[in-house]
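The structure appears below as structure tokens.
Nothing here was measured: the structure is a model prediction, and the numbers come from that model.
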Amino acid sequence: MLAVIMKQFGGPEVLEIGEVETPKPGPGEVLVRVRATALNRADLLQRRGLYPPPPGASDILGLEMAGDVEAIGPGVTSVREGDRVAALLPGGGYAQYAVVPAGMLIRLPDNLSYEQGAAIPETFLTAYLNLFVLGRLSPGETVLVHAGASGVGTSAIQLIRLAGAHSIVTAGSSDKIAKCLELGAKAGWNYHDGSFVDFVRRETDGRGADIIFDFVGAPYFHDNLRALAVDGRLIVIGTMGGTKVDGFDLGHILAKRQQIIGTALRSRSLEAKIELTAAFVAFAHDALAKGDIAPVLDQVYDWRDVRAAHERMEANQNIGKIVLRVTE
């Protein structure tokens, strides 16, 4: 089969399409003909040699995909050949075929294209995990979503709305903030205008955010704690701005009973991912089928243009997901 390969680590220029061995499904697995896959920040880090795949996972980039069930391994009865599916992957999405445990499959509603389906697993499962499993989101609470126009951000805004809670966001342009408001965010703050603390206090009547989704890390850490409510939960999803925090005073989190939660989806066990997928499907599949929520697509590239797609994400130009259409 064909796949996007890289013979060395580096910039987008190291990516090219080449021949690799087609995987075969084992017991409990299915082989999916990939029709579309999507970019994630982890792909950019892995391309540069900074984020290796878990042991036993494919070294091909790509943490999610959508396509058709091509073949079924022994013991699988939950799907049939030809079924349209999407799935989270530990790697291997930038390819014509991928092997997936049957329990990881999300049936693709008829109203969604393969390109939309490929944009669901990583972002919506990440958002669901952090909002409901780790964040324990309740109706009426307020969530501050940093990088609100990102793939995870746009998914989180919609799930927060679906749960009867409220979101406020930070983003880097008026266009990105406008998109967040369109999806259901209550208000937005352009981070180029400085600290977001007063904005959060104003939008929460001085109480602070109950949950903060943070992708930035160290540069936002102190302001995150200042913007967090009593009993608030700071969920650190990424560290794009750095990992080292100076002058951290534990007394602050004690006084306000705050929690700091680190999270990662890719390194979780298969059993945990299957359980998470089932919980998300039970919560949101009907809403996806009705169009009440939907992945936000920024641009769809033919996978031959994978370098341009990576360049767009590295330039932080996207609103929502960047998708690759996997052609013949």
Side-chain angles (χ1 to χ4, degrees), residues 38-41 64 112 116-117 119-191 196 199-200 202-204 208-216 220 224 227-229 232-238 240 261 263 265 276 279-280 283-298 313 316-323:
L39 272 64
N40 290 279
R41 290 279 172 185
E64 55 195 332
L112 297 180
Q116 290 173 302
I120 290 173
E122 179 71 23
T123 55
F124 274 98
L125 288 175
T126 296
Y128 184 88
L129 167 68
N130 292 294
L131 285 171
F132 300 105
V133 180
L134 301 179
R136 308 181 310 282
L137 177 65
S138 297
E141 289 191 316
T142 297
V143 184
L144 170 61
V145 181
H146 290 307
S150 66
V152 174
T154 54
S155 299
I157 291 167
Q158 296 179 77
L159 293 182
I160 292 164
R161 171 171 51 81
L162 196 63
H166 311 287
S167 63
I168 55 179
V169 304
T170 64
S173 72
S174 57
D175 287 345
K176 290 184 176 183
I177 290 172
K179 183 62 180 180
C180 294
L181 298 180
E182 178 187 325
L183 293 170
K186 177 183 173 184
W189 179 257
N190 190 326
Y191 58 74
F196 51 85
F199 158 75
V200 174
R202 182 173 67 250
E203 294 298 331
T204 60
D210 299 290
I211 298 173
I212 296 180
F213 262 38
D214 182 39
F215 303 84
V216 179
Y220 278 11
N224 278 335
L228 201 60
R233 290 83 76 196
L234 168 60
I235 302 179
V236 182
I237 301 172
M240 292 171 57
I261 302 170
T263 180
L265 179 55
L276 175 65
F280 167 74
F283 178 78
H285 196 270
D286 286 349
L288 286 167
K290 294 175 182 176
D292 294 335
I293 62 173
V296 176
L297 301 191
D298 176 72
M313 178 168 275
N316 201 30
Q317 295 174 327
N318 56 299
I319 298 177
K321 294 288 287 186
I322 299 172
V323 172

Contact between [X] and [Y] at the side-chain level, heavy atoms closer than 4.5 Å - yes or no?
X: Phe196; Y: Ile168; result: no
X: Lys321; Y: Asn40; result: yes
X: Thr123; Y: Thr154; result: no
X: Gln317; Y: Asp298; result: no
X: Asn318; Y: Leu39; result: no

Looking at [X] and [Y], what are the two nearest heavy atoms and their distance?
X: Leu134; Y: Ile261; result: O-CD1, 3.7 Å
X: Val323; Y: Ala119; result: CG2-CB, 4.3 Å
X: Leu144; Y: Val200; result: CD2-CG2, 3.8 Å
X: Ala149; Y: Lys176; result: CB-CB, 3.6 Å
X: Ser150; Y: Ala147; result: OG-O, 2.7 Å
X: Leu228; Y: Leu234; result: CD2-N, 3.8 Å

Nearest-0.5 Å distance that lies between atom [atom1] in [X] and atom [atom2] in [Y]:
X: Leu129; Y: Thr263; atom1: CG; atom2: OG1; answer: 4.5 Å
X: Asn190; Y: Asp175; atom1: CG; atom2: CG; answer: 10.5 Å
X: Ile235; Y: Leu131; atom1: CD1; atom2: CG; answer: 7.0 Å
X: Ser138; Y: Ile211; atom1: OG; atom2: CD1; answer: 8.0 Å
X: Leu288; Y: Ile120; atom1: CG; atom2: CD1; answer: 5.0 Å
X: Thr170; Y: Phe199; atom1: OG1; atom2: CZ; answer: 8.0 Å

Heavy-atom donor-acceptor pair, [X] side chain to [Y] backbone, under 3.5 Å:
X: Gln158; Y: Ala294; answer: yes
X: Lys186; Y: Glu203; answer: yes
X: Arg161; Y: Ser167; answer: no
X: Glu64; Y: Glu122; answer: yes

Problem - Test side chain to side chain contact (heavy atoms under 4.5 Å, CB included) applied to Leu159 and Leu137, step by step - result: CA-CA 10 Å; Leu159 293 182; Leu137 177 65; over 6 Å; no
Problem - Among Arg136, Arg233, His166, the one residue meeting side-chain hydrogen bond (donor to acceptor under 3.5 Å, both in side chains) with Glu141 - result: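 By the side-chain hydrogen bond (donor to acceptor under 3.5 Å, both in side chains) criterion, Glu141 pairs with just one of Arg136, Arg233, His166: Arg233.
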Practice task
Over 60° means perpendicular and under 30° means parallel, so classify the ring planes of Tyr128 and Phe280, tilted if in between.
Solution key: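 Perpendicular, since the angle between the ring planes exceeds 60°.
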Problem - ring pair (Phe, Tyr, Trp, His ring centres under 6.0 Å) partner of His146, the single match among Phe213, Tyr220, Phe215 - result: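 Exactly one option meets the ring pair (Phe, Tyr, Trp, His ring centres under 6.0 Å) with His146, and it is Tyr220.
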Exercise for the section: Quick one: do Phe283 and Phe132 satisfy ring pair (Phe, Tyr, Trp, His ring centres under 6.0 Å)? Show the steps, please. Expected result: CA-CA 10 Å; Phe283 178 78; Phe132 300 105; 4.9 Å; yes
